[in-house]
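Here the structure is a predicted model, which is why all the values come from computation and not from measurement. The chains referred to below are lettered A, B, ... by the order of the sequence lines, with proteins before strands, and numbering in each begins at 1.
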2 protein chains.
Amino acid sequence: MTKQTDKKKHHHGNLREALITAGVELLEEGGIDALTLRKCAQRAGVSHAAPAHHFDGLQGLKLAIAERGFQMFSKYLRDAIDTGPQTPHDRMRSIAVGYVRFGQDHAGLLDVIFGGHGLAAIVNEGGRDEAEAYLILREVCAPFVPEGDNPLVVEAQVWSLIHGFTLLFLAGEFGPPDQPLDGGPFDQIMALLARVGTPP
Amino acid sequence: MTKQTDKKKHHHGNLREALITAGVELLEEGGIDALTLRKCAQRAGVSHAAPAHHFDGLQGLKLAIAERGFQMFSKYLRDAIDTGPQTPHDRMRSIAVGYVRFGQDHAGLLDVIFGGHGLAAIVNEGGRDEAEAYLILREVCAPFVPEGDNPLVVEAQVWSLIHGFTLLFLAGEFGPPDQPLDGGPFDQIMALLARVGTPP
DNA sequence: GGGTCAAACTTGACACTGTAAAGTAAGCGC
DNA sequence: GCGCTTACTTTACAGTGTCAAGTTTGACCC
């Protein structure tokens, strides 16, 4: 049994976390293409082959980064909700704002989390942090679930709408991605979001 | 003025199209990571540096592949709409079916089209084929646009919802991505889609 | 304390990638 | 025939992920 309270390891001292942090930094600075095993290693001050002892190759590192990313993502959602007014409708709007804001602030992380082969693999492996984000969604959706209905229905509707809007918005499909949310296409999405789970 | 009707070029005979086709094939066989300039060149029977004379590097090739992908995408949408019943609501459902089907059949292409740095660049450059897909969307949305309203509102709602659902569905967030659409979460999305553009 | 051993890390190598520069060949106008 | 632009090849180089060995380090046990 190791005695130290913090997880200092043999040589470097929790290299694993340092590599993830380096990866997040690279991601923010240069996007998904700048994320490289060797550059992470260099930034953490170790040799290029050191990461192999902590992750299963580049994909393993991306998985770990996605885990960290989900934590940040959950924090964005939670903060947005806690900061705004507490009407069910306002909380719904807040989670959407948090979703888009996270994408604006951390586009590279969003790519790792939701892009390509990322998501499915994460869900099946270390889906704890993603589950937390989903719990926030569930919590916000709950007031809109009709009595006796499966909450999954509203959740799928809300998630799909917000997710799709965020990606298209960030891709510039609805105008410049750095435009303010209020008064833009975001409001139109919220209008539809307000009709979620209501009887026809 | 060149005399040949088909665009046979000097040596290879329209290498450009051959490279794009090779790229699409690689994409279907091995996903986005299998798409490589050198492998495309090899498959087209030319040296690895030949593609540089037709595309601006790998990104240029991806752009051209995305253009081809948008043509296939539009065909999927159009076919789905033409095949099904012609009620406005049915046409709306059909375009969503075509969207998801395209993703199921050509996941790699969807990555190139909508993933990463793809979309924004395409829109700003050779957005002709993407415009065609958007025109189909517009056409299907038209009956749902309230008198005097800006059609962009409904279009943004519909596109966001379908796009988000497709990506999440293909990522396995709503169960196995090869499950039949009828009777699954897809129906729940369609339920919300039916409330598009209606007054509150 | 000293020995044992496994984990953490380094070194070196390999195949593969994109890209640039220089060389070669092929088609076209004249 | 002669130039000359275009299409393509050859060669080279800096990075990349990954594997197979070495080397160091720390922990544990007697």
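Although no hydrogens or angles enter the test, the distance criterion places a donor-acceptor pair under 3.5 Å between the side chain of B/Gln86 and the main chain of B/Gly84. B/Asn150 places a side-chain N or O within donor-acceptor distance of the main-chain N or O of B/Leu152, the cut-off being under 3.5 Å.
Computed from coordinates, the B/Lys62 NZ to C/dG18 P distance equals 9 Å when rounded to whole Å. Atom pair A/Asp56:CG and D/dT18:C1' shows a separation of 11 Å (rounding to whole Å applied). What separates CZ of A/Phe55 from P of D/dT18 is a distance of 13 Å, to the nearest Å. Across the protein-nucleic acid pair, A/Gln59 atom CD and D/dT18 atom C1' stand 14 Å apart, rounded to whole Å. One can place CZ of B/Arg16 at 17 Å from C1' of D/dC8, the figure rounded to the nearest angstrom. In this structure, B/Asp33 atom CG and D/dT18 atom P are separated by 11 Å, rounded to whole Å.
The residues A/Glu67 and A/Lys62 are annotated as not salt-bridged, no charged nitrogen and carboxylate oxygen being separated by less than 4.0 angstrom.
An OP1 or OP2 oxygen of D/dC8 is reached within less than 4.0 angstrom by a side-chain nitrogen or oxygen of B/His54.
More than 12 heavy atoms of other residues, nucleotides or ligands sit less than 6.0 Å from atom CD of A/Gln179.
Across every non-hydrogen atom of A/Ile32 and A/Leu27, the tightest pair is CA-CD1, 3.7 Å.
Contacts of residues 37-50 of chain B with DNA chain C (heavy atom under 4.0 Å): B/Leu37, B/Arg38, B/Lys39, B/His48, B/Ala49.
Between B/His53 and B/Leu58, the residue anchored nearer the 5' end of DNA chain C, judged by the nucleotide with its closest heavy atom, is B/Leu58.
In this structure, the ring of B/Phe144 has its center no less than 6.0 angstrom from the ring center of B/His89.
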